[in-house]
Amino acid sequence: MPWLILFVSAVLEAVWATALGASDGLSQPVESVVFFIALVLSMIGLSRAAKHIPIGVAYAVWTGTGAALTVAWAMATGGEEASALKVLFLIGIIGCIAGLKLSKPSPAGKNHGPSGTENLPDDAATPPQAT
């Protein structure tokens with residue numbers, strides 16, 4: 001369920017970003033209201049999802065999904081020119097998001113030090129002090 005909440009909040013991020021662009025500097029009332037409502041709901045969703053998903057992963061998925069959807073929407077509606085390179089890079093963003101979703105969190109207590117020390121106990125990863 002946290003991943004679904006995160007995805008919905010990322011969709012809302014694309015909604016508020018699009019509404020912000022359409023609000024003409026927050027001078028258009030309807031677009032401005034859509035912006036503020038989607039912004040608040042998007043942030044609430046991100047905060048709820050981050051209770052169960054590490055914040056680094058949640059934030060990267062949220063921003064990446066929101067950005068990809070915003071660009072895709074702009075290209076689909078003619079607000080932005082589509083190109084093969086843009087589509088290729090959007091596919092790259094989506095691939096990275098899928099990779100983050102599929103990655104497993106590391107077990108608690110594991111050391112994430114320099115290469116080669118990941119599976120050592122905490123005190124073994126610290127080099128001895130010269131005397």
Side-chain angles (χ1 to χ4, degrees):
M1 187 63 138
W3 283 99
L4 179 60
I5 292 169
L6 184 61
F7 180 73
V8 170
S9 71
V11 170
L12 287 167
E13 183 198 7
V15 169
W16 70 249
T18 302
L20 179 61
S23 74
D24 193 28
L26 299 178
S27 65
Q28 301 297 317
V30 173
E31 291 83 351
S32 297
V33 169
V34 170
F35 162 73
F36 284 115
I37 291 172
L39 175 67
V40 169
L41 293 175
S42 178
M43 291 295 172
I44 290 170
L46 174 61
S47 69
R48 298 266 167 101
K51 289 181 179 180
H52 306 281
I53 301 168
I55 189 64
V57 171
Y59 184 70
V61 169
W62 181 75
T63 57
T65 303
L69 289 172
T70 302
V71 173
W73 179 258
M75 288 190 310
T77 59
E80 206 171 300
E81 184 180 328
S83 72
L85 274 178
K86 279 185 184 179
V87 171
L88 177 67
F89 290 127
L90 287 174
I91 290 169
I93 291 171
I94 293 165
C96 290
I97 292 165
L100 287 171
K101 165 66 174 107
L102 296 173
S103 67
K104 301 214 187 279
S106 59
K110 291 284 185 178
N111 188 334
H112 300 290
S115 182
T117 63
E118 289 84 3
N119 294 320
L120 297 175
D122 285 340
D123 59 339
T126 306
Q129 297 294 322
T131 54

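In what follows, residues are counted from 1 in the order of the sequence shown.
- Listed by chain and residue number, Thr70 satisfy the side chain to side chain contact (heavy atoms under 4.5 Å, CB included) test with Ala17 (two or more places apart in sequence, or in another chain).
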Derivation of the side chain to side chain contact (heavy atoms under 4.5 Å, CB included) call for Leu90 and Met75: CA-CA 11 Å; Leu90 287 174; Met75 288 190 310; 3.4 Å; yes

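- Linking Ile, Leu, Val, Met, Phe, Trp and Tyr residues whenever their side-chain heavy atoms come within less than 4.5 Å places Ile93 and Leu6 in a single cluster.
- Contact between Ala38 and Val15 at its shortest, heavy atoms only, is CB-CG1, 3.8 Å.
- The hydrophobic cluster containing Leu100 does not contain Phe89, counting ILVMFWY residues as joined when their side-chain heavy atoms lie under 4.5 angstrom apart, directly or transitively.
- Using the six-membered ring where Trp is involved, Trp16 and Trp62 have ring planes that are tilted, between 30° and 60° apart.
- Remark: side-chain polar atoms of Ser42 are not paired, donor with acceptor, to backbone N or O of Leu39 under 3.5 angstrom.
- Linking Ile, Leu, Val, Met, Phe, Trp and Tyr residues whenever their side-chain heavy atoms come within less than 4.5 Å leaves Val40 and Phe36 in two separate clusters.
- Put simply, CD1 on Ile5 and NZ on Lys51 are 9.5 Å apart, with the number rounded to the nearest 0.5 Å.
- Closest approach of Ala14 and Gly66 over heavy atoms only: CB-O, 3.7 Å.
- A distance of 9.0 Å separates CG of Leu46 from CD1 of Ile53, quoted to the nearest 0.5 Å.
- The closest side-chain heavy-atom distance from Glu80 to Val71 is below 4.5 Å.
- Hydrophobic clustering of Ile, Leu, Val, Met, Phe, Trp and Tyr side chains at less than 4.5 Å, counting indirect connections, unites Phe35 with Met43.
- Rounding to the nearest 0.5 Å gives a distance of 9.0 Å between CZ of Phe7 and CD1 of Ile97.
- Judged purely by atom type and a 3.5 angstrom limit, Ser32 uses its side chain to pair as donor or acceptor with the backbone of Leu26.
- In this structure, Leu41 is not a member of the same hydrophobic cluster as Leu20, with clusters built from ILVMFWY side-chain heavy atoms closer than 4.5 Å.
- Side chain of Lys86 to backbone of Glu81: a donor-acceptor contact under 3.5 angstrom is found.
- For Val8, the side chain to side chain contact (heavy atoms under 4.5 Å, CB included) partners two or more places apart in sequence, or in a different chain, are Leu4, Leu12.
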